[in-house]
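What you see below is based on every heavy atom in this structure, not just the backbone, and it leaves out hydrogens, waters and symmetry mates. Just so you know, these numbers come straight off a predicted model, no measurement behind them.
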Amino acid sequence: MNNIWSENKYLNLVINILLFLTGINFLHYGQLILPIICFLLFIENKLKFKVNDPKAFIVLCLFAISFYGFSYQLGFYSVMGFTLPMAYYIGSNIKNPTEDNIKKLVYLFAVSLSFHVILNFIYEWIIHGNHGLFNSSTHYDFWTKEKISNTSTAINIDILLGCSYYLLFHEKNKLMKYCGLSVFGISMLYLIIIGRRTPVVMLFIVFGLSYLYELFRTHTVSAKLKKRFTIISVTVVSLVAILIGAYYLNIFNCQEFLNQYRIVGKFTKGFINDQRFELYFGSFKLMPKYPFGGQKISSILGEQVHDFWIDIYDYAGIVSCLIILVYSFMYVVSIRKFYRNTNVSNDLKILMVGVFAVIIIQMFLEPVMTGASLFLIIAIIINALVERLSENEK
């Protein structure tokens with residue numbers, strides 16, 4: 001990964017290491033590494049300030065100020081809004097924005113985030129043992145040794161999950177391919193053990209969207225890929241159908257065996273969570289009463305609303321929510337420009353289908369700003385990298 005950020009190989013190595021430490025949330029201070037990276041890039045650019053789109057940067061700065069202004073009374077976390085313009089600045093200042101470098105950085109972020117999942121897996125295995133790991137409903141963070149929600153852990157696999165289709169079918173570098181798939185496999189195993197259903201569903205969505213995009217938009221699907229994809233799809237669907245049939249017919253008394261796994265209980269309850277819809281409708285009713293945040297809505301409802309924009313409204317009010325809606329629109333527009341750019345290869349576009357899909361889906365599923373800010377930070381860096389590439393490929 002030479003010459004991505006600087007011609008100085010040592011500075012380049014330092015920045016990549018710092019980005020990896022950010023992804024694994026080193027010592028639980030991953031967000032606080034960003035100012036160091038920004039400072040190094042500012043020095044590297046000879047004290048010249050530059051970003052891809054000044055309007056997007058200004059919007060993120062306005063959000064940071066608004067978020068802090070309306071939520072400072074809630075504690076230190078209110079300053080985390082300032083990490084978003086920092087993330088955009090970092091992605092805008094890649095020195096050598098080639099497709100290969102963009103892909104390597106996406107892998108770097110994907111693996112570092114997932115490695116945090118593996119660290120949590122190892123720590124819980126040590127303190128719980130095999131039996132406890134499968135049966136305990138309490139989970140911990142490797143860095144803080146404190147309790148952590150399943151959602152906060154699971155979201156860290158998403159970027160690598162978005163890369164999984166490309167890694168399996170298109171990645172030519174064997175080291176990247178097998179390292180990436182190995183990290184993904186271990187992380188996914190842990191999330192299945194602790195009963196996370198969303199990553200499993202997301203995996204089907206990523207494979208489906210990526211294949212359909214490649215089939216109908218790029219027209220580059222080879223006969224070999226069609227055969228491999230068909231075999232994998234038929235095998236997976238058949239296994240799922242056999243498991244479902246065996247479970248509901250209780251063949252060999254398998255219900256008793258399978259019910260000990262929490263993820264089975266999640267799926268048998270169905271895909272639609274009524275409580276989540278109740279939270280949505282409840283939050284909509286309360287929004288006009290509490291336009292200035294302060295977590296009044298979640299306090300009344302008794303739980304955070306699992307949505308990026310409503311969570312920001314609850315935390316920092318309507319002004320912050322409207323500003324981040326503006327940036328969200330700009331984010332989607334930049335993705336559209338990336339896919340309309342004929343100078344960008346189909347190869348990179350196929351990789352990014354899954355990555356952008358999981359990012360957008362998670363915004364509707366989880367309180368990303370206050371519950372998984374590192375995921376949001378890396379999503380902004382990736383978008384800025386793609387913007388920089390699009391500019392370079394004009």
Side-chain angles (χ1 to χ4, degrees), residues 25 63 67 70-71 74 77-78 80-81 84 113 116-117 120 137-139 141 147-159 161-162 191-192 194-206 262-263 265-291 293-318 320-325 327-328 331-332 355-380:
N25 201 12
F63 170 76
F67 190 79
F70 285 102
S71 67
L74 298 177
Y77 196 84
S78 61
M80 287 303 158
L84 304 192
L113 283 168
H116 188 192
V117 178
N120 289 357
S137 59
T138 304
H139 302 286
D141 180 71
K147 293 179 183 179
I148 188 172
S149 70
N150 290 353
T151 298
S152 298
T153 299
I155 202 168
N156 287 328
I157 198 179
D158 281 354
I159 303 297
L161 192 155
L191 296 180
I192 290 172
I194 66 175
R196 290 304 303 167
R197 176 180 56 181
T198 303
V200 178
V201 177
M202 198 92 78
L203 185 62
F204 283 96
I205 293 172
V206 165
R262 286 190 296 277
I263 194 167
K266 290 283 188 71
F267 278 112
T268 55
K269 291 177 183 177
F271 289 96
I272 299 176
N273 189 329
D274 292 335
Q275 184 184 9
R276 181 165 293 196
F277 283 109
E278 289 174 5
L279 286 171
Y280 275 124
F281 293 133
S283 64
F284 288 137
K285 290 179 181 178
L286 292 170
M287 277 181 171
K289 296 181 181 179
Y290 303 102
Q295 291 190 309
K296 301 290 179 58
I297 295 173
S298 55
S299 296
I300 294 171
L301 295 175
E303 189 176 343
Q304 272 185 296
V305 180
H306 282 47
D307 176 276
F308 172 54
W309 300 276
I310 299 176
D311 180 57
I312 288 174
Y313 187 105
D314 177 41
Y315 205 89
I318 188 171
S320 301
C321 183
L322 289 174
I323 294 172
I324 207 65
L325 276 170
Y327 177 71
S328 300
Y331 194 102
V332 172
V355 174
F356 284 132
V358 296
I359 289 172
I360 292 171
I361 290 170
Q362 280 295 2
M363 297 300 171
F364 290 95
L365 297 180
E366 305 297 346
V368 175
M369 180 64 209
T370 62
S373 59
L374 273 177
F375 175 81
L376 177 60
I377 286 165
I378 287 174
I380 291 174

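Taking the six-membered ring where tryptophan is involved, the planes of Tyr331 and Tyr327 are perpendicular, since the angle between them exceeds 60° and thus also 30°. Using cut-offs of 30° and 60° for the angle between ring planes, the Tyr77 and Tyr315 rings count as perpendicular.
Considering Val305, Leu286, Leu322, Ile318 in turn, Ile318 is the only one that fulfils the side-chain contact (heavy atoms from CB on, under 4.5 Å) rule with Tyr313.
At a threshold of 4.5 Å between non-hydrogen side-chain atoms, the residues His139 and Asn120 do not count as touching. Side-chain contact between Met80 and Ile377 is absent, with no heavy atoms from C-beta onward closer than 4.5 Å. In this structure the side chain of Leu301 never reaches within 4.5 angstrom of the side chain of Glu303, judged on heavy atoms. Side-chain contact between Phe375 and Gln362: present, with at least one pair of heavy atoms (C-beta onward) separated by less than 4.5 Å. The closest side-chain heavy-atom distance from Ile297 to Lys289 is not below 4.5 Å.
Residues passing the side-chain contact (heavy atoms from CB on, under 4.5 Å) test with Ser78 are Tyr68, Ser71, Tyr72, sequence neighbours excluded. Partners of Leu113 by side-chain contact (heavy atoms from CB on, under 4.5 Å), not counting sequence neighbours, listed by chain and number: Asn156, Ile159, Ile378. Scored by the ring pair (Phe, Tyr, Trp, His ring centres under 6.0 Å) test, Phe70 finds no partners at all (sequence neighbours excluded). In this view, Val200 and Met188, Ile192, Phe204, Ile263, Phe267 satisfy the side-chain contact (heavy atoms from CB on, under 4.5 Å) rule, not counting sequence neighbours. Listed by chain and number, the residues in a side-chain contact (heavy atoms from CB on, under 4.5 Å) with Phe364 are Asp307, Trp309, Ile360 (sequence neighbours excluded). Under the rule for a ring pair (Phe, Tyr, Trp, His ring centres under 6.0 Å), Phe308 has no partner lying at least two apart in sequence or in another chain.
Shown here for Asp314 and Ser298, the closest heavy-atom pair between the two residues is OD2-OG, 2.7 Å. Nearest heavy-atom pair across Leu191 and Pro199 is CD1-CG, 3.9 Å. Smallest separation of non-hydrogen atoms from Pro291 and Pro288: CD-O, 3.8 Å.
The distance from atom CD1 of Ile157 to atom CG of Leu203, rounded to the nearest 0.5 Å, is 8.5 Å. Here CZ of Arg196 is found 9.5 Å from CD1 of Ile155. Values are rounded to the nearest 0.5 Å. To the nearest 0.5 angstrom, Thr198 atom OG1 is 8.5 Å from Asp158 atom CG. Between the CD atom in Glu366 and the OG1 atom in Thr151 there is a gap of 4.5 Å [rounded to 0.5 Å]. Put simply, CD on Gln304 and OG1 on Thr370 are 4.0 Å apart, with the number rounded to the nearest 0.5 Å. To the nearest 0.5 Å, the span separating SG on Cys321 from CZ on Phe63 amounts to 9.0 Å.
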